[in-house]
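The chains referred to below are lettered A, B, ... by the order of the sequence lines, with proteins before strands, and numbering in each begins at 1.
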Number of protein chains: 2
Amino acid sequence: MSKTYNISELAAKFDITTRTIRFYEEKGLLTPARLGNNRVYTEQDRVKLQLILRGKRLGFSLEESRDIIEMYDPATGSAEQLQRLIGRIQEKRQALQGQLEDIEMMLVDLADTEQKCQQALRNMK
Amino acid sequence: MSKTYNISELAAKFDITTRTIRFYEEKGLLTPARLGNNRVYTEQDRVKLQLILRGKRLGFSLEESRDIIEMYDPATGSAEQLQRLIGRIQEKRQALQGQLEDIEMMLVDLADTEQKCQQALRNMK
DNA sequence: TTTAACCTTTACGTAAACGTCAACATAAAG
DNA sequence: CTTTATGTTGACGTTTACGTAAAGGTTAAA
């Protein structure tokens with residue numbers, strides 16, 4: 001059996017508060033087991049949390065992250081459901097490609113600006 | 001002299017509301033000229049708005065977008081100020097690199113999941 | 001001249017994503 | 001047995017990023 005975590009371990013691991021983790025549970029993104037009254041998180045839960053936080057860094061809403069988490073679930077369904085899932089996955093991939101382009105544009109712009117700054121510095125001396 | 005826009009033209013161009021544009025002004029991200037009582041936006045303003053919206057797609061707060069906009073301003077300052085600006089630009093570029101990695105990980109994961117779905121579909125037939 | 005289509009400011013409302021208590025349970029340590 | 005640390009469930013507060021009227025000014029067409 002693989003490692004489990006309690007809530008504060010997990011919070012420390014990702015540098016977030018326990019409140020945040022409970023909030024994600026409230027929103028249906030996590031559903032940890034219980035040992036008595038206390039929450040117990042599995043390795044799977046940890047991965048889900050990681051996905052959520054990665055999504056956050058990319059500006060996803062929790063709703064979107066929940067969608068993504070659902071995608072990772074094998075959730076063996078009918079052929080029709082699988083097709084729909086594939087469609088949703090492709091949409092997400094498209095959106096991510098768009099973000100890639102946005103980032104690249106920003107990187108170019110910032111690199112340009114930095115160049116101009118460096119040039120201005122050289123001109124001062 | 002280059003083209004100018006009124007608020008609703010600009011809103012239509014970017015598919016946002018005029019309220020949104022005024023809100024960005026409230027927050028100090030835009031400072032359009034006035035023709036009488038009405039706002040007049042220059043090409044520069046349009047570019048700024050574009051930067052803001054690009055930032056939004058990447059999960060930036062308006063505060064962060066304002067920072068970025070300030071970076072693009074030549075704002076000829078002292079050597080010290082230029083150095084600090086270069087530092088901030090490099091930090092942003094670092095952060096964007098991090099986002100690139102996040103996106104690439106997500107793309108890989110989603111591609112994996114899609115493969116599994118396709119495989120599951122093939123196994124059903 | 002009135003009606004329509006714009007613009008303006010001011011102000012209150014709202015959803016998302018938590019922060020921040022409060023009040024209580026429990027288990028280990030001194 | 002009391003303190004200390006950690007957990008729990010509410011419940012209300014806060015910030016961000018706008019939405020949604022309300023009340024009014026200006027220009028152009030009918």
Who passes side-chain contact (heavy atoms from CB on, under 4.5 Å) against A:E91, sequence neighbours left out?
none
Using a cut-off of 4.0 Å between protein heavy atoms and nucleotide atoms, how would you tag nucleotides 21-26 of chain D 5' to 3' with B, S and -?
------
Under the rule for side-chain contact (heavy atoms from CB on, under 4.5 Å), what residues qualify as partners of B:D112, not counting sequence neighbours?
B:V108
Rounded to the nearest 0.5 angstrom, the CG-CG distance for B:L58 and A:D102 is 5.0 Å
Short of 4.0 Å, heavy atom to strand atom, which residues of residues 33-67 of chain B count as contacting DNA chain C?
B:R34, B:N37, B:N38, B:R39
Where at least one partner belongs to residues 8-20 of chain A, residue pairs that pass salt bridge (Lys or Arg N to Asp or Glu O under 4.0 Å), sequence neighbours excluded
A:R19-A:E26
Under 3.5 Å, is there a donor-acceptor pair linking the side chains of A:R46 and A:Q50?
yes
Using 0.5 Å steps for rounding, measure from the OG1 atom of B:T31 to the CD atom of B:Q44.
9.0 Å
List for me each residue that meets salt bridge (Lys or Arg N to Asp or Glu O under 4.0 Å) alongside A:R34, sequence neighbours excluded, and say none if there are none.
A:E25
Side chain to side chain donor-acceptor pair (under 3.5 Å) against A:R66, all qualifying residues, sequence neighbours excluded
A:E63
Hydrophobic cluster of A:L35, others only, ordered by chain and residue number, side-chain cut-off 4.5 Å
A:V40
So, using side chain to side chain donor-acceptor pair (under 3.5 Å) as the criterion, who are the partners of B:Y41 when residues are at least two apart?
none
Footprint ends on DNA chain C, 5' to 3', for atoms under 4.0 angstrom from a heavy atom of chain A, come out as C:dA17 to C:dT20
Using five base pairs at each end, measure the axis-to-axis angle across the helix from C:dT1-D:dA30 to C:dG30-D:dC1 and round it to 10 degrees.
10°
So what does A:T18 hit on the nucleic acid, given a heavy-atom distance under 4.0 Å: a base, only sugar-phosphate, or nothing?
nothing
Which residues pass the side-chain contact (heavy atoms from CB on, under 4.5 Å) test with B:Q115, sequence neighbours left out?
none
